[in-house]
Amino acid sequence: MVTPATYLAPMAGQSNRAFRELCRELGGVGMVCTELISSTALENRGSRKRALAWFDFDASEGPLAVQLFGAQPEIMAEAARIVVDCGAPIVDINMGCWVPKVVKKGGGAALLGDCGQATAVVEAVLQAVDVPVTVKVRSGISAHQLTAVPFARAAAAAGVSAITVHARTAEQGFSGLADWSIISRVCQAVAIPVIGNGDLTNLQEARQMQRETGCQGWMVGRAALGNPWLFAQWAGLVPAGTPPLPFRAAVAWRHLQLTERFTPLPEKVAVRELRGQLSRYRLDEPGETRVRDRLVHIESFAQGQEILGPLAQNLSWKEQPGSHSKNNET
Ligand SMILES: Cc1cc2nc3c(=O)[nH]c(=O)nc-3n(C[C@H](O)[C@H](O)[C@H](O)COP(=O)(O)O)c2cc1C
């Protein structure tokens, strides 16, 4: 387990190197995770270089898990060896992704419907690498097939170091509410650390999850988007509530700067991804959309900087008024 026991969720198209660094710079996040990486793309010599570049990570990032998906034990084992050779300090196995292109090939959440295959994948990865291996699961396939508990038992017996439970079934996607009772059942079933995930937006909810389920850590996904100071607020490093606009703009500006520094993508492609990310920082006065409208049309990093610079009042984002004062929770 890491301290603090707060985890930034793996999120395809969002939790890239720039966003992970941003959360770290703001503080309060214990561990981060890459987006899911295809084991097949890594194992194949022709696509390996591109896959590694796309999912850029660096051991210097601090506690970091590199997440792999796939259904074939030997391919997952080889992919794990490759990322560990590249410096991955922890390998996480994705057993929660429900998008068709992943589950059609038997990976992601599909493995929760086949405990034998899922365990074979876990065992192969554990045998292949000597770094900690963790798994991220959903509650199961559907309300009629809640397999997280038997699977967690098998994974723990095989030797995984921790398990994250997103308390929704694959069938639910992101609909409905997370049902934390499954986290509690997994906690009761295994002796390894369990990280609870699903619908957390503030520290009170995180504490409630811990009280109700006995989980040892919390993972946050969507609530951190356009809101990467959430972890710092939980740690009392940033004042509670919505930070003032210049602070939000400065963080957005830093998000852009880190993207420019770390993206392996051509500027045009990276900027397209960034448009949506920057527009989440709500940089307009209430009732207006002028800044947002401009941000969703940027064509270059320079254009983004032109918009954000004046809003951030050209202050270093770390020197924004109110930042880093010890404080209450949100
Ligand atoms: C845009 C997006 C991309 C995601 N990509 C991944 C992924 O690559 N791997 C994974 O295990 N989960 C992925 N997830 C699921 C999250 O990690 C997390 O389990 C889910 O969002 C529930 O947590 P939340 O309620 O805090 O958002 C993704 C979620 C979102 C919103």
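Throughout, residue positions are numbered sequentially from 1 according to the sequence presented. Counting starts at 1 for both ligands and their atoms, following the listed order.
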Quick check on F174 - does any of its heavy atoms sit under 4.0 Å from an atom of ligand 1? yes
Test item: side-chain donor near acceptor, Q208 and Q204, under 3.5 Å: no
Which atoms of ligand 1 have any heavy atom of V220 under 4.0 Å away? 26 (O)
Part of M11 with heavy atoms under 4.0 Å of ligand 1, whether side chain, backbone, both or neither: both
Counting each atom of ligand 1 from 1 as listed, which ones have a heavy atom of R222 under 4.0 Å away? 21 (O), 24 (P), 25 (O), 26 (O), 27 (O), 31 (C)
Same cluster or not: V220 versus L203, using hydrophobic residues (I, L, V, M, F, W, Y) connected whenever any side-chain heavy atoms lie under 4.5 Å apart? yes
Could you name the option among P10, G221, G173, A9 that has the heavy atom nearest to atom 28 (C) of ligand 1? P10
Going by distance only, is there an N or O of Q67 that falls short of 3.5 Å from an N or O of ligand 1? yes
Have a look at ligand 1 and work out which part of L36, if any, has a heavy atom under 4.0 Å from it: side chain, backbone, both or neither. both
Please indicate whether any nitrogen or oxygen in M219 is less than 3.5 Å from any nitrogen or oxygen in ligand 1. no
Looking only at distance, does R168 have an N or O less than 3.5 Å from an N or O of ligand 1? no
Atoms of ligand 1 close to K136 [distance to a heavy atom under 4.0 angstrom, numbered from 1]: 10 (C), 11 (O), 12 (N), 15 (C), 16 (C), 17 (O), 18 (C), 19 (O)
Among protein heavy atoms, which sits nearest to atom 3 (C) of ligand 1, and what does the distance come to when rounded to 0.1 Å? A12 N, 3.1 Å
Around atom CZ of R50, are there more than 12 heavy atoms of other residues, nucleotides or ligands at under 6.0 Å? no
Taken in chain and number order and not counting sequence neighbours, the residues that satisfy salt bridge (charged side-chain N to carboxylate O under 4.0 Å, His left out) with E21 are R17
Taking atom 23 (O) of ligand 1 as the reference point, the nearest protein heavy atom with its distance: N197 ND2, 2.9 Å
Hey, does V137 have a side-chain heavy atom less than 4.5 Å from the side chain of I163? yes
Counting heavy atoms only, which part of D199 comes closer than 4.0 Å to ligand 1: side chain, backbone, both or neither? both
Does a side-chain N-to-carboxylate-O contact under 4.0 Å join E299 and R275? yes
Shared hydrophobic cluster, F262 / V269 (ILVMFWY, side-chain heavy atoms < 4.5 Å): yes
Hey, is E61 close enough to R20 for a salt bridge, meaning N to O under 4.0 Å? yes
Counting from 1, what ligand 1 atoms have a heavy atom of G198 closer than 4.0 Å? 25 (O)
For F19 and H255, take the angle between the two ring planes, folded into 0 to 90°, and tell me which bin it lands in: parallel under 30, tilted 30 to 60, perpendicular over 60. tilted
